[in-house]
**Q** 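Structure below; questions to follow.
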Amino acid sequence: MTATTATTATNAPGTAPGPPPSATAPAATALHAPVIEWFGRNARDLPWRRPEAGAWGVMVSEFMLQQTPVSRVLPVYEEWLRRWPRPADLAAEPPGEAVRAWGRLGYPRRALRLHSAAAAIAERHGGEVPTDHHQLLALPGIGEYTAAAVASFAYGQRHAVLDTNVRRVFARAVSGTEFPPNATTAAERKLARMLLPEEPATAARWAAATMELGALLCTARTPECGRCPLTDLCAWRQAGSPAHQGPPRRGQTYAGTDRQVRGKLLAVLREAAAPVDRAVLDRVWHEPEQRARALGGLISDGLAERLPDGRYRLPGTT
DNA sequence: TATGCGTGGAT
DNA sequence: TATCCAAGCAT
């Protein structure tokens, strides 16, 4: 970990092309030091934060962490980096091996995309994770958040890293609401850019620190405001911690969906040492139509393949 | 912009 | 037991 110098380049007034001055800029910089100092004292020692992780380690972790808790990612991450220490190592394997090694992290299309991204890196980027935000964005499975995260955490660049944790921290500390909007808004992106420290190294530190704050203290369920470095500055606290207003968060049931059936089918293929008969897959779900739809979906997504003899397997595996 | 896409722990 | 939630992306 670098020293917790809380210094922050404040927005130099006057002069030319930089970002437009904003009324919130001075107040914004007041947030930097407390959060970054808190991070220096409380940051978790996660493997992808260690220097030896490299950009590839950061990238693998970001794929795995999309919608998946840290505790479940840890063991799978270690195994992946041991097995495939460079992008080209993963690219040399059939995609089904990536899906199998993904285990039960969920959303296995991420494994496929990570495999494809590794192949693109091996072919088009000389085997090195690109440093350029736009080149990162062009890789499969990398969207706005992941591109910014890799550029920031792996390469120390200055980007607004807007994940669910940061959005919640900003919603509370700055906007004074319990939760951010359901979908990321232009206003949130603008706010994130305004709050970004000028110095790239400080901006990268800020990005990691605000994420960690959201993950450890400013949580969705029961925030620990008593331990929060922003508790005296927090707009939501100052407003009396008003409850969320508006439509309910969301409510997608899982039981009985195609997702559940896909998950059951893929679990069979993952654990099989050889291609499996259709009859084996048929046992995972009682309803034939939904079963067929789920299996067809897996195949069209590239997560499974049907052999000429009618058996099924993870793509390219034995 | 709304929806589909896994999985399992916490409350 | 049911619901919420976890470092999103692609379409």
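In the text below, chain A, chain B and the rest are named by the order of the sequence lines, each starting its count at 1.
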**Q** Output yes when A:D89 and A:R83 qualify as a salt bridge under the 4.0 Å nitrogen-oxygen rule, no when they do not.
**A**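 No salt bridge links A:D89 with A:R83.
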**Q** Which comes earlier along DNA chain B counting from the 5' end, the contact point of A:T257 or that of A:P69, where each point is its nearest nucleotide?
**A** A:T257
**Q** May I ask you to decide whether A:D45 forms a salt bridge with A:R50, counting only side-chain N to carboxylate O separations under 4.0 Å?
**A** yes
**Q** Separation of A:R168 atom CZ from C:dC4 atom C1', in whole Å?
**A** 12 Å
**Q** Test side chain to side chain contact (heavy atoms under 4.5 Å, CB included) on A:V169 and A:V174; report intermediate values, then the result.
**A** CA-CA 8 Å; A:V169 168; A:V174 179; over 6 Å; no
**Q** Report the distance from atom CG of A:L298 to atom C1' of B:dG6, rounded to the nearest whole Å.
**A**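 Whole-Å distance recorded here is 11 Å.
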**Q** Using the P atom in both, what is the distance from C:dC9 to B:dG8, to the nearest Å?
**A** 23 Å
**Q** Looking at A:T146, I'd like to know whether one of its side-chain N or O atoms comes within less than 4.0 Å of OP1 or OP2 on C:dC9.
**A** yes
**Q** Using heavy atoms to find the nearest nucleotide of DNA chain B for A:A267 and A:T222 separately, return the residue whose nucleotide is more 5′.
**A** A:A267
**Q** With sugar-phosphate meaning primed atoms plus P, OP1 and OP2, does A:L266 contact a base, only sugar-phosphate, or nothing at under 4.0 Å between heavy atoms?
**A** nothing
**Q** Take A:R72 and A:L137, find for each the nucleotide of DNA chain C with the closest heavy atom, and name the residue whose nucleotide sits nearer the 5' end.
**A** A:R72
**Q** Has the side chain of A:R259 got a donor or acceptor that lies under 3.5 Å from a partner of the other kind on the base of B:dG6?
**A** yes
**Q** Would you kindly give the OH-to-P distance between A:Y107 and C:dA10, to the nearest whole Å?
**A** 14 Å
**Q** Between atom CG of A:D132 and atom NE2 of A:H134, what is the distance when rounded to the nearest 0.5 Å?
**A** 7.0 Å
**Q** Can you tell me the distance, in whole Å, between the CG atom of A:L216 and the P atom of C:dA7?
**A** 10 Å
**Q** C:dA7 and B:dA2: how far apart are their P atoms, nearest whole angstrom?
**A**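 Going atom to atom, P in each nucleotide, I get 22 Å.
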**Q** In whole angstrom, what separates A:R113's CZ from C:dT11's C1'?
**A** 10 Å
**Q** Atom CD of A:Q67 and atom C1' of C:dC4: how far apart are they, to the nearest Å?
**A** 13 Å
**Q** Side chain of A:R104 only, heavy atoms from C-beta on: which candidate in C:dA7, B:dG6, B:dG8 is closest?
**A** B:dG8
**Q** Base, sugar-phosphate, or nothing: which does A:V70 touch, judged by heavy atoms less than 4.0 Å apart?
**A** base
**Q** Calculate the interatomic distance between A:Y77 atom OH and C:dA6 atom P; express it in whole Å.
**A** 23 Å
**Q** Could you please spell out the steps behind the salt bridge (charged side-chain N to carboxylate O under 4.0 Å, His left out) verdict for A:E305 and A:R311?
**A** CA-CA 8 Å; A:E305 67 184 359; A:R311 294 184 299 164; over 6 Å; no
**Q** How is A:R167 classified with respect to the nucleic acid when contacts are heavy atoms under 4.0 Å: base, sugar-phosphate, or nothing?
**A** nothing
**Q** A:R110 has an atom CZ; how far is it from atom C1' of C:dG8, in whole Å?
**A**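 Distance, rounded to whole Å: 9 Å.
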**Q** Tell me if the CD atom of A:Q238 is crowded by more than 12 foreign heavy atoms within 6.0 Å.
**A** yes
**Q** Give a yes or no on whether a donor-acceptor pair under 3.5 Å exists between the nucleobase atoms of B:dG6, that is its base, and the side chain of A:T68.
**A**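 Present.
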**Q** Under 4.0 Å from OP1 or OP2 of B:dG6: is there any side-chain N or O of A:R109 that close?
**A** no
**Q** Does the C:dC4 base have a donor-acceptor partner in the side chain of A:R221 within less than 3.5 Å?
**A**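 Pair found.
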**Q** Mapping A:A220 and A:E144 to their closest nucleotides on DNA chain C, which lands nearer the 5' end?
**A**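 Its nearest nucleotide being more 5', the pick is A:A220.
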**Q** Which part of the nucleic acid, if any, lies within contact of A:W48, taking any heavy atom under 4.0 Å across all strands shown: a base, the sugar-phosphate backbone alone, or nothing?
**A**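 A:W48: base contact, heavy atoms under 4.0 Å.
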